[in-house]
Amino acid sequence: MALIVQKYGGSSVADANGVKRVAKRIAESKRAGNDVVVVVSAMGDTTDELIDLANAITPLPPSREMDILLTAGERISMSLLAMAIANLGVEARSFTGQQAGVITDDVHGKARIIDVTPSRIQAAIDDGAVAIVAGFQGVTQHTNDVTTLGRGGSDTTAVALAAALKADVCEIYSDVDGVFTADPRIVPSARKIDRINYDEMLEMAASGAKVLVLRCVEYARRYNVPIHVRSSFSAHPGTMVMNYEPAEGADEGADVEQPIIAGVAHDSSEAKITVVGVPDVPGTAAHIFEVVAGSGANIDMIVQNVSAAATGLTDISFTLPASDGTLAMAALSESQDEIGFASLQYDDTIGKLSLIGAGMKSHPGVSARLFAALSAAGINIEMISTSEIRISVVTRSDQLADAVRAVHTAFDLDSTEDEAVVYGGTGR
Ligand code: ADP
Ligand code: ASP
Ligand code: MG
């Protein structure tokens with residue numbers, strides 16, 4: 001008998017039929033003799049609709065109220081799912097994040113889980129019931145305020161519960177059959193990956209592959225929780241995300257079997273800010289990025305031009321989530337005289353492509369092949385950044401999908417089998 005944590009995303013419970021279909025699947029796992037804990041997301045695009053609703057009331061909703069609003073989405077799906085399971089003759093109890101013991105810091109809208117004390121979940125399991133937990137939400141340690149974990153946060157709830165309950169596996173059910181070599185929505189020839197290690201999955205998630213949210217992968221790596229990413233619409237085995245070593249007894253030559261490239265990720269949710277006419281003296285970059293950090297923005301790539309000899313002035317460009325753009329621009333404008341730059345430019349029509357693979361550490365020529373593929377496809381590169389196992393480039397956003405397909409093909413990632421299936425979801 002195993003303890004399984006299963007997470008069902010919004011596309012899996014988009015309507016009443018979806019809820020019933022998922023309930024059947026859960027009841028089957030339970031009847032097969034497993035202890036089952038379920039984390040569920042809000043139905044379909046409910047979270048987006050709630051955000052739209054709040055924005056129709058006020059352009060800057062107070063973050064505490066926003067969190068209370070958004071947690072309502074998961075309360076709807078958790079209770080409906082518990083009813084659907086009970087209908088099948090299996091006992092089920094639903095719990096909010098607070099009832100499930102998900103304790104977070106107090107950063108509304110992107111709270112971090114600091115502890116999970118799932119005594120009520122354990123009690124439900126001990127009673128033979130299926131526990132259903134509302135994903136994406138928790139409660140602050142000191143003030144008991146309701147928080148949300150950031151978009152896609154139900155994945156993190158599931159992994160955190162799996163770690164706290166010492167579950168055997170955390171199954172993340174979505175609308176695709178697993179983690180693919182690229183987003184199947186834009187690369188139909190993407191190939192399903194059977195097994196991927198935490199480091200590569202971390203880079204994929206950080207680079208925009210939203211099939212798993214970044215924090216859930218960080219959490220899984222830290223607590224060594226194996227994740228099985230699969231579809232709730234099919235019975236196909238999905239992708240295992242876990243630490244793995246080369247096969248037992250394999251010599252160095254066996255490493256050749258490991259693909260050099262795990263996949264290509266893309267992200268069109270970032271924007272680029274250029275600070276024009278910056279005095280090229282020590283301390284200026286520090287000043288600029290202190291101001292940006294103070295606005296709460298997370299910076300991604302940074303490029304500084306060589307300064308013009310005649311003027312001693314340079315330009316600094318950086319990328320950040322577009323959702324942080326307004327506040328970062330406002331903070332910089334306010335400090336213009338102090339920093340002494342000439343002007344600011346804002347561009348949210350950029351796209352980022354990332355090539356990820358642990359094998360690139362030991363294989364020369366990966367960047368050359370990437371740039372050649374982009375140039376052959378007529379795609380201009382605006383910025384570049386690298387880590388040990390990733391190369392990212394910024395392009396125009398309207399060229400991003402073509403860029404991903406060209407690079408996917410150039411690295412021989414296209415599948416020779418059937419096209420990847422996207423079972424549901426609106427891709428929103
Ligand atoms: P859920 O609602 O189940 O949480 P998400 O929409 O958050 O689902 O994540 C699933 C989506 O992630 C897929 O529909 C797919 O478009 C997208 N995706 C992006 N990159 C990848 C990838 N490399 N492999 C699989 N899916 C990906
Ligand atoms: N409902 C939340 C969202 O749409 C959390 C999640 O689905 O994981 O982001
Ligand atoms: Mg998701």
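Whatever order the structure lists them in is the order used to number ligands and atoms, beginning at 1. Index from 1, following the sequence.
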Asker: If you measure every N or O of S41 against every N or O of ligand 2, does any of those distances drop under 3.5 Å?
Answerer: yes

Asker: At a 4.0 Å threshold, what atoms of ligand 1 neighbour a non-hydrogen atom of A209?
Answerer: 19 (C), 20 (N)

Asker: Any carboxylate oxygen within less than 4.0 angstrom of a Lys/Arg side-chain nitrogen, looking at E382 and R396?
Answerer: yes

Asker: Salt bridge check, D267 against K210: does any charged N sit closer than 4.0 Å to a carboxylate O?
Answerer: no

Asker: Tell me, please: is G9 in heavy-atom contact with ligand 2, that is, under 4.0 Å?
Answerer: no

Asker: Quiz question: by atom type and distance under 3.5 Å, do the side chains of T147 and D67 form a donor-acceptor pair?
Answerer: no

Asker: Can you list the ligand 1 atoms lying under 4.0 Å from a non-hydrogen atom of G178?
Answerer: 24 (N), 25 (C)

Asker: Which of the numbered atoms in ligand 1 are below 4.0 angstrom from a heavy atom of G10?
Answerer: 2 (O)

Asker: Would you call K272 and E270 a salt bridge, taking side-chain N to carboxylate O under 4.0 Å as the test?
Answerer: no

Asker: Answer with yes or no whether K7 contacts ligand 1, where contact means a heavy atom under 4.0 Å from a ligand atom.
Answerer: yes

Asker: Check the pair L344, T274 against side chain to side chain contact (heavy atoms under 4.5 Å, CB included), reporting the backbone distance first and the verdict last.
Answerer: CA-CA 6 Å; L344 290 174; T274 303; over 6 Å; no

Asker: Starting from atom 26 (N) of ligand 1, find the nearest protein heavy-atom neighbour and note its residue, name and distance.
Answerer: V211 CB, 3.5 Å

Asker: Verify the distance criterion only: is there a donor paired with an acceptor across the side chains of T181 and H408 at less than 3.5 Å?
Answerer: yes

Asker: Out of S154, G150, G73, who is nearest to atom 8 (O) of ligand 2 when you count heavy atoms only?
Answerer: S154

Asker: Tell me: protein heavy atom nearest atom 4 (O) of ligand 2, and distance?
Answerer: R151 NH2, 2.9 Å

Asker: Within the 4.5 Å heavy-atom criterion, are D106 and D145 side-chain neighbours or not?
Answerer: no

Asker: With a 3.5 Å cut-off and no angle check, do the side chains of S234 and D177 form a donor-acceptor pair?
Answerer: yes

Asker: For atom 11 (C) of ligand 1, grab the closest protein heavy atom and report residue, atom and distance to one decimal in Å.
Answerer: D175 OD1, 4.0 Å

Asker: Can you tell me if A182 contacts ligand 1 (heavy atom of the residue under 4.0 Å from the ligand)?
Answerer: yes

Asker: If the cut-off is 4.0 Å to any non-hydrogen atom of V179, which atoms of ligand 1 fall inside it?
Answerer: 24 (N)

Asker: For ligand 1, which atoms, with element, lie under 4.0 Å from some heavy atom of S11?
Answerer: 2 (O), 3 (O)

Asker: What protein heavy atom is closest to atom 21 (C) of ligand 1, reported as residue, atom name and distance in Å?
Answerer: D183 CA, 3.7 Å

Asker: To check your reading of the model: name the closest protein heavy atom to atom 23 (N) of ligand 1, its residue, and the distance in Å.
Answerer: F180 O, 3.0 Å

Asker: State whether R185 and D175 are salt-bridged, where the test is any N-O pair (Lys NZ or Arg NE/NH1/NH2 against Asp/Glu carboxylate O) under 4.0 Å.
Answerer: yes

Asker: Do R21 and F233 form a cation-pi contact, if we require the NZ or CZ to be under 6.0 Å from the six-membered ring centre and within 45 degrees of the ring's axis?
Answerer: yes

Asker: Please confirm whether A190 comes under 4.0 Å of ligand 1, counting heavy atoms of the residue only.
Answerer: no

Asker: State the atoms of ligand 1, each with its element, that fall below the 4.0 Å cut-off from a heavy-atom position in V176.
Answerer: 13 (C), 14 (O), 25 (C), 26 (N)

Asker: Describe, in one word, how the ring planes of F289 and F318 are oriented to each other, choosing from parallel (under 30°), tilted (30 to 60°) and perpendicular (over 60°).
Answerer: perpendicular

Asker: Working to the nearest 0.5 Å, report the span between CD1 of I391 and OG of S367.
Answerer: 4.0 Å

Asker: Looking at M204, which atoms of ligand 1 are within less than 4.0 Å of one of its heavy atoms?
Answerer: 23 (N)

Asker: Taking the non-hydrogen atoms of P184, is any one of them nearer than 4.0 angstrom to ligand 1?
Answerer: yes

Asker: For ligand 1, which atoms sit closer than 4.0 Å to a heavy atom of S174?
Answerer: 1 (P), 3 (O), 8 (O), 9 (O), 10 (C)

Asker: Evaluate T181 for polar contact with ligand 1, using N/O atom pairs at a separation under 3.5 Å.
Answerer: no

Asker: Answer yes or no: is there an ion pair linking D35 with K30, defined by an N-O contact shorter than 4.0 Å?
Answerer: yes

Asker: Below 4.0 angstrom from a heavy atom of G152, which ligand 2 atoms are there? Numbered from 1 as shown, please.
Answerer: 3 (C), 5 (C), 6 (C), 8 (O), 9 (O)

Asker: To which of K192, M201, K210 does the heavy atom nearest atom 5 (P) of ligand 1 belong?
Answerer: K210

Asker: Taking the basic N atoms (NZ, or NE/NH1/NH2) and the acidic carboxylate oxygens, is any pair closer than 4.0 Å for D48 and R151?
Answerer: yes

